[in-house]
> 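Encoded as structure tokens, here's the structure I'll be asking about.
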Amino acid sequence: MRSLGPIGLAASGERRSGYFTFAADPGLAKYSWPFFSITGRRDGPLFLITAGIHAAEYTGIDAAIRLGNLLDPAQVRGHVVIIPLLNRPGFYERSIYVNPEDNDNMNRVFPGRLDGTWSERFAHWLLNEVVARCEYAVDLHAGDMIEDLVPFVTYRETGDERVDGRAKQMAEAYGAEWLVRAMPSGERAGLLFAAAAARGVAAMIAESGGIGQLEADAVARHVNGVQNILRAVEVLDGAPARVSPPRVLNRFEWLRSPFEGLFRCAVHVGDRVRKGQPLGEMVDLLGKPLGRIESPVEGIVLFVVTSPAIKKDGLLLGVGVPE
Ligand SMILES: [Zn+2]
């Protein structure tokens with residue numbers, strides 16, 4: 001295989017890196033995206049690693065760049081293709097959540113549309129030209145610039161046993177403590193990994209790090225976790241390290257504020273909370289109480305928004321509910 005959509009692949013036994021674009025769409029072609037291609041001498045699957053669909057989730061972006069320089073073609077079977085920064089318009093703008101081209105969350109617009117917004121067109125081209133042609137896909141995330149989180153992985157069951165079995169094997173090989181098997185409550189669909197799974201790609205998300213930092217341990221967790229996945233699916237030589245299976249969370253409650261104001265958060269990521277437990281308080285800009293935020297469920301605080309400046313309906317935190 002010579003190319004994966006617009007990405008020219010490395011020759012057998014080689015590494016290639018550079019930039020690609022989607023030339024058929026002038027709005028997209030203003031930008032170029034970094035990529036790495038690592039091709040083994042032995043036949044094998046196409047394994048895609050993406051990051052930076054949220055442009056300030058730096059641990060994922062840096063881990064993908066490190067993997068691109070680290071993986072040895074001599075130890076690879078098949079192809080590994082890495083795109084370390086999907087939200088290219090947002091990176092130097094330090095955009096939180098969204099793409100500055102249209103102020104939309106790029107991880108809510110898949111499968112996209114050929115005649116849609118910038119993000120929808122990007123989603124369409126990326127999914128059809130790149131993602132859907134792969135056997136495996138890992139999308140690396142972190143807490144955003146204003147989010148702290150505990151590391152977790154997530155994948156979606158499709159009903160296709162082969163795809164679901166592969167995704168489960170990947171998620172279990174990463175080495176996270178928590179596995180989320182549900183959609184975030186109250187959120188739009190349209191996530192990249194879910195669209196990939198619907199197209200028959202074994203796909204997952206891994207989350208590590210956050211709050212705009214490039215913390216070494218959080219980057220290393222992604223680098224090691226992805227290498228262990230690559231070994232587990234026999235794309236990378238060597239026996240995978242045995243890691244404890246993650247604990248399963250079957251619901252993912254995302255709490256939003258019914259008020260505009262300042263959030264005095266009373267919990268930390270990783271806290272176990274009871275149903276009805278106060279998680280913090282919203283006050284106005286004179287300190288007048290607006291309302292308590294209570295946990296609707298018993299579970300684990302997986303992420304908190306660390307900025308106290310909250311718009312009405314703004315996201316506050318997420319609680320995962322164990323099996
Ligand atoms: Zn993200």
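Keep in mind that the numbers below use all heavy atoms, side chains included, and drop hydrogens, waters and symmetry copies. For ligands, and for the atoms within them, numbers begin at 1 and follow the listed sequence.
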> Begin from the C-alpha positions of Val304 and Leu316 and carry the test side-chain contact (heavy atoms from CB on, under 4.5 Å) through to its verdict.
CA-CA 6 Å; Val304 298; Leu316 298 171; over 6 Å; no
> Working note: Glu207 + Arg221, criterion salt bridge (charged side-chain N to carboxylate O under 4.0 Å, His left out); need CA distance, chi angles, decisive distance, verdict.
CA-CA 9 Å; Glu207 300 262 8; Arg221 182 181 296 106; over 6 Å; no
> Restricting to N, O or S, what is the name of the atom of His141 that lies nearest the Zn ion (ligand 1)?
ND1
> Quick check: of its N, O or S atoms, which one does His54 have closest to the Zn ion (ligand 1)?
ND1
> Checking only N/O/S atoms, does Glu57 have one that is under 2.8 Å from the Zn ion (ligand 1)?
yes
> Does any donor atom in the side chain of Tyr58 or Glu215 lie under 3.5 Å from an acceptor atom in the other side chain?
no
> For the residue pair Asp148 and Val269, what are the closest heavy atoms and their distance?
O-CG1, 3.3 Å
